[in-house]
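Following: one structure in structure tokens, then a few remarks.
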Amino acid sequence: METKIFKIQSSDDTQAIAEVAEILKNGGIAAIPTETVYGLAAGAFDVKAVENIFIAKGRPQDNPLIVHIADFDSINELVSSLPDSARILAKKFWPGPLTMILPKSDKVPLVVTAGLDTVAVRMPSHPVAAAIIRASGLPLAAPSANLSGKPSPTNARYVIEDLNGRVDAIADGGDCSAGVESTVISLAGDVPRVLRPGVITVEQLRSVLGDVIVDKAVLSQPEKGAKVMSPGMKYKHYAPKAKITIINSSLERYIEYINENATENTAALCFDGEERLMPLKCVTYGGENDGMAQAHRLFDALRELDEIGAQTVFARCPSSDGVGLAVYNRLLRAAAFRVVYLFDE
Ligand code: AMP
Ligand code: MG
């Protein structure tokens with residue numbers, strides 16, 4: 001298939017936005033920039049188009065998609081009930097990188113929700129995403145625009161690498177600001193529950209809603225065959241080709257560990273400013289105390305590790321507070337939950 005590539009610098013590029021919207025209205029699938037990562041979009045009510053997303057990505061059929069809207073009222077046709085908590089969160093965090101899980105309406109096809117009776121809804125703040133949604137006049141179902149299993153793409157170059165020839169269009173809107181996928185909160189149970197951390201933090205959600213649970217799948221590996229609340233969390237996700245191990249230790253112990261264990265194709269995934277201390281090839285992913293910068297850099301850094309041919313990677317361990325929780329959650333999956341704990345004597 002021929003993939004049309006559009007450069008869309010801003011929501012003023014109305015011609016290109018209209019062309020992408022037209023492709024979507026006609027049942028095509030298009031990668032679009034959002035403030036989190038690039039999404040691979042289709043009209044949410046178009047079963048065939050949504051099926052094509054799963055095919056293009058090689059995505060397992062039981063991993064549901066997020067439905068993206070540009071105006072709050074569009075949520076009404078997607079959900080069967082709207083709790084006050086959803087209105088409160090929308091007022092505070094939409095448009096923005098927060099996805100809410102709510103009871104689905106009959107209108108949302110089961111292919112979008114992977115058979116679940118809930119639907120994930122988000123209103124992106126990226127002006128190009130909002131403009132494409134509005135121009136199409138449709139809610140857009142979209143997972144991240146990567147091949148299944150690869151790190152989510154934070155710029156168009158990586159979307160092209162994964163999906164050129166597999167989708168109808170790619171809208172190149174530059175770099176994504178957040179760099180990790182949206183925070184996912186379920187409002188379908190008794191107590192709000194974070195299923196996936198993101199740059200909107202658990203602390204921020206608690207400050208608005210009070211009681212908020214963090215699902216155990218955020219930091220632990222689901223057991224084989226276990227039923228998980230967020231199907232996406234059970235897959236080996238975000239993974240580069242290299243075998244990553246997270247080293248939870250001081251910088252000094254980390255360097256010692258590298259000196260004792262590195263082989264020819266080992267690389268370091270470390271924090272900004274630590275490069276000069278590294279005895280081997282390294283890629284950095286933000287400052288040690290800067291969760292936002294780490295989130296922004298992590299997926300690019302994982303792809304860069306592949307580009308430099310790293311076969312094993314020793315990664316510095318991020319904090320799991322605030323935005324750090326989202327970074328640690330993704331890095332844990334990239335490392336298939338391999339963590340070495342080294343404490344100073
Ligand atoms: P992606 O945008 O590629 O990260 O994929 C969407 C994410 O949203 C996946 O991790 C899904 O598990 C999650 N998700 C979508 N719909 C639901 C739902 N109804 N319940 C729980 N998680 C969902
Ligand atoms: Mg994804």
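Just so you know, these numbers come straight off a predicted model, no measurement behind them. One-based numbering, in listed order, for ligands and for the atoms of each.
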- [ ] Taking both backbone and side-chain atoms into account, decide whether S144 has an N/O/S atom under 2.8 Å from the Mg ion (ligand 2).
- [x] yes

Open item on the list: Tell me the contacting part of T113 for ligand 1: side chain, backbone, both, or neither, using a 4.0 Å heavy-atom threshold, strictly below.
Closed with: neither

Task: hydrophobic_cluster_shared for V184 and L116, side chain cutoff 4.5 Å - done: no

Open item on the list: Below 4.0 Å, non-hydrogen atoms only: which portion of L65 touches ligand 1? Side chain, backbone, both or neither.
Closed with: backbone

Task: Where ligand 1 meets A120 - atom numbers and elements under 4.0 angstrom, heavy-atom basis - done: 15 (C), 16 (N), 17 (C)

Open item on the list: Looking at D71 and R134, is any side-chain nitrogen of the basic one under 4.0 Å from a carboxylate oxygen of the acidic one?
Closed with: yes

Task: Least distance between heavy atoms, A315 atom then I244 atom - done: CB-CG2, 4.1 Å

Task: R59, portion touching ligand 1 at heavy-atom distance under 4.0 Å - done: side chain

Task: Hydrophobic cluster membership, I5 vs I32, 4.5 Å side-chain cutoff - done: no

- [ ] Could you list which atoms of ligand 1 come closer than 4.0 Å to a heavy atom of N63?
- [x] 9 (C), 11 (C), 12 (O)

TODO: Report, in ascending order of atom number, the atoms of ligand 1 lying under 4.0 Å from any heavy atom of S144.
DONE: 1 (P), 2 (O), 3 (O)

- [ ] Please could you name the atoms of ligand 1 that I66 approaches to less than 4.0 Å, counting only its heavy atoms?
- [x] 2 (O), 6 (C), 8 (O)

TODO: Would you check if there is a donor-acceptor pair between the side chains of T34 and R122 at a distance under 3.5 Å?
DONE: yes

Open item on the list: Can you list everything that forms a side-chain contact (heavy atoms from CB on, under 4.5 Å) with K241? Sequence neighbours excluded, please.
Closed with: D306

Open item on the list: Could you tell me, atom by atom, which parts of ligand 1 come under 4.0 Å of a heavy atom of R196?
Closed with: 1 (P), 4 (O), 7 (C), 10 (O)

- [ ] Report the part of K104 in contact with ligand 1, treating N, CA, C, O as backbone and CB onward as side chain, heavy atoms under 4.0 Å; options are side chain, backbone, both, neither.
- [x] neither

Task: Straight-line distance of T284 OG1 to D300 CG, nearest 0.5 Å - done: 10.5 Å

Open item on the list: With no hydrogens and no angle check, just 3.5 Å: does a side-chain donor-acceptor pair link T154 and R297?
Closed with: no

Task: Enumerated ligand 1 atoms positioned under 4.0 Å from heavy atoms of T118 - done: 18 (C), 19 (N), 20 (N)

- [ ] State the atoms of ligand 1, each with its element, that fall below the 4.0 Å cut-off from a heavy-atom position in L116.
- [x] 18 (C), 19 (N), 20 (N)

Open item on the list: Taking 4.0 angstrom as the limit and counting only heavy atoms of L195, give me the atoms of ligand 1 inside it, by number and element.
Closed with: 21 (C)

TODO: May I ask you to establish whether R316 and Y254 are in a cation-pi arrangement, using a distance under 6.0 Å from NZ or CZ to the six-membered ring centre and at most 45° from the ring axis?
DONE: yes

